[in-house]
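Because the structure is a prediction, the values reported are computed rather than measured.
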Amino acid sequence: MFKGIFRNLNKKKVKRFLLFLTLATIFWVFTKFSREFTASLNTKIEYSNIPETTALSENTVRDIDFDLTANGFEILYYKVKKPSIEINIEDYLDNNEFNFEIPNKNLIGLIGLKFGSSRAIKNLSIEDLKVQLDPIVLKSVPIKALKSISYKNGFKAVDSLRFTPDSVLISGPKKLISEIKYVETEHIEIKNVDRNISRKVAISKPSKDVIAIKPQEVTANLKVAEFSQGEFTLPVEIVNLPPNIEIKLVPSTITLKFDVSVDEFADLTKDNFRVVCDYSKMNKEGKFMIPFLESKPENIYNIVFEPKKIDLLIVK
């Protein structure tokens with residue numbers, strides 16, 4: 001019985017202690033943060049009403065560091081929520097000029113409006129705010145694919161990935177646009193491809209300062225076919241042979257292996273190929289020549305010769 005009474009008394013004491021501790025902490029925090037402090041802050045600069053024919057220069061200042069004197073609650077608030085100031089371009093441009101400057105004193109006044117008093121603002125990270133506008137230019141640039149494409153066994157691309165249209169118009173500051181040579185697509189990932197591809201893909205901005213891309217989407221096209229291996233045994237012809245020399249080729253034929261689409265395989269004949277050795281390019285020490293295809297059909301791949309060189313005997 002007595003243990004229960006003491007236990008209840010102890011619980012009441014603990015609760016009372018925690019209550020007083022909480023109140024003391026709140027009072028301390030309130031007292032501490034009610035005092036004035038000086039702290040370093042950063043404010044973002046937001047530029048508005050930029051003329052449609054211009055854009056902010058690449059090196060335009062986008063934020064400013066400064067010291068603010070204020071009570072602890074205000075400083076804590078601005079540390080958590082980064083403040084910003086607005087610069088209305090129309091208020092400063094004159095006579096169609098493309099640049100202007102806001103002196104340090106005026107800049108402090110602009111920041112002070114955000115915080116209620118310019119006297120609380122000191123030690124700006126810049127002396128004066130210099131704003132440069134660049135004329136906007138247009139430029140047509142080609143498209144580069146970011147892709148990861150895999151094919152089913154026996155299938156492969158007949159041609160490279162092509163886009164419709166094959167270029168886009170970008171607009172932005174002259175200096176920036178002049179350095180851009182191409183734009184990239186969003187990443188294209190397709191697996192186990194066994195048919196032609198045609199899909200819309202978005203164009204990625206090459207820089208945050210590029211104002212516009214037209215069009216923002218293009219159509220990616222890829223022709224895909226099933227392939228089979230073809231093989232022909234072909235005679236070897238020789239070119240650039242001097243008229244007073246008679247030679248014998250060893251071997252006189254060559255086996256040609258290649259990949260070709262199943263749809264085109266039936267149309268191929270030996271007459272579509274011509275294998276040639278150039279006597280003028282003969283390896284004189286080893287007395288052999290390297291064969292090459294003088295003519296072949298389009299869309300055949302992975303061509304392999306067997307053998308890869310032709311020996312020759314000079315007949316006297």
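Nearest heavy atom pair, residue Leu110 against residue Ile85, reads O-CG2, 4.3 Å. Minimum heavy-atom separation, Ile303 to Lys296: CD1-CD, 3.8 Å. Here the shortest heavy-atom pairing between Ala55 and Ile211 reads CB-CD1, 3.5 Å. For Ile50 against Leu56, the heavy-atom pair with the smallest separation is CD1-CG, 3.8 Å. Taking both residues in full, the closest heavy atoms of Ile136 and Thr54 are given as CD1-O, 3.2 Å, listed atom of the first, atom of the second, then distance.
In terms of hydrophobic clustering, with Ile, Leu, Val, Met, Phe, Trp and Tyr side chains grouped at heavy-atom distances under 4.5 Å, Val131 and Val61 are assigned to a common cluster. In terms of hydrophobic clustering, with Ile, Leu, Val, Met, Phe, Trp and Tyr side chains grouped at heavy-atom distances under 4.5 Å, Phe227 and Leu268 are assigned to different clusters.
Under the 3.5 Å distance criterion, the side-chain polar atoms of Lys205 are matched with a main-chain donor or acceptor of Val210. One N or O on the side chain of Ser125 and one on the backbone of Asp65 form a donor-acceptor pair closer than 3.5 Å. Formation of a donor-acceptor pair under 3.5 Å by the Thr43 side chain with backbone atoms of Pro83 is found in this model. In this structure, Lys152 contributes its side chain and Asp194 its backbone to no donor-acceptor pair below 3.5 Å. Side-chain atoms of Ser171 never come within 3.5 Å of backbone atoms of Val137 as a donor-acceptor pair (strictly under, hydrogens ignored). Ser252 places no side-chain N or O within 3.5 Å of a backbone atom of Leu249 that could act as its donor or acceptor partner.
Residues that satisfy the salt bridge (charged side-chain N to carboxylate O under 4.0 Å, His left out) test with Arg199, not counting sequence neighbours, are absent from this structure. For the side chain to side chain donor-acceptor pair (under 3.5 Å) test, no residue two or more places apart in sequence or in another chain qualifies with Ser228. Not counting sequence neighbours, the partners of Arg162 by the salt bridge (charged side-chain N to carboxylate O under 4.0 Å, His left out) test are Asp159. For Val193, the side chain to side chain contact (heavy atoms under 4.5 Å, CB included) criterion is met by Ile149, Tyr151, Ile190, Ile197, Val224, not counting sequence neighbours. Taking the salt bridge (charged side-chain N to carboxylate O under 4.0 Å, His left out) definition, one finds that Asp259 meets it with Lys156, sequence neighbours left out. Phe163 is linked by a ring-ring contact (aromatic ring centres under 6.0 Å, His included) to nothing, counting only residues two or more places apart in sequence or in another chain.
Ser48 and Glu86 form a side-chain donor-acceptor contact under 3.5 Å, judged by distance and modelled atom types alone. In the model, Asn99 has no side-chain atom that pairs as donor or acceptor with a side-chain atom of Lys130 under 3.5 Å. Side-chain contact annotation: Asp278 with Asn240, donor-acceptor N/O pair under 3.5 Å present.
Relative ring orientation between Phe232 and Phe258 is described as tilted, the plane-to-plane angle lying within the 30° to 60° band.
The ring of Phe305 has its center no closer than 6.0 angstrom to the ring center of Phe292.
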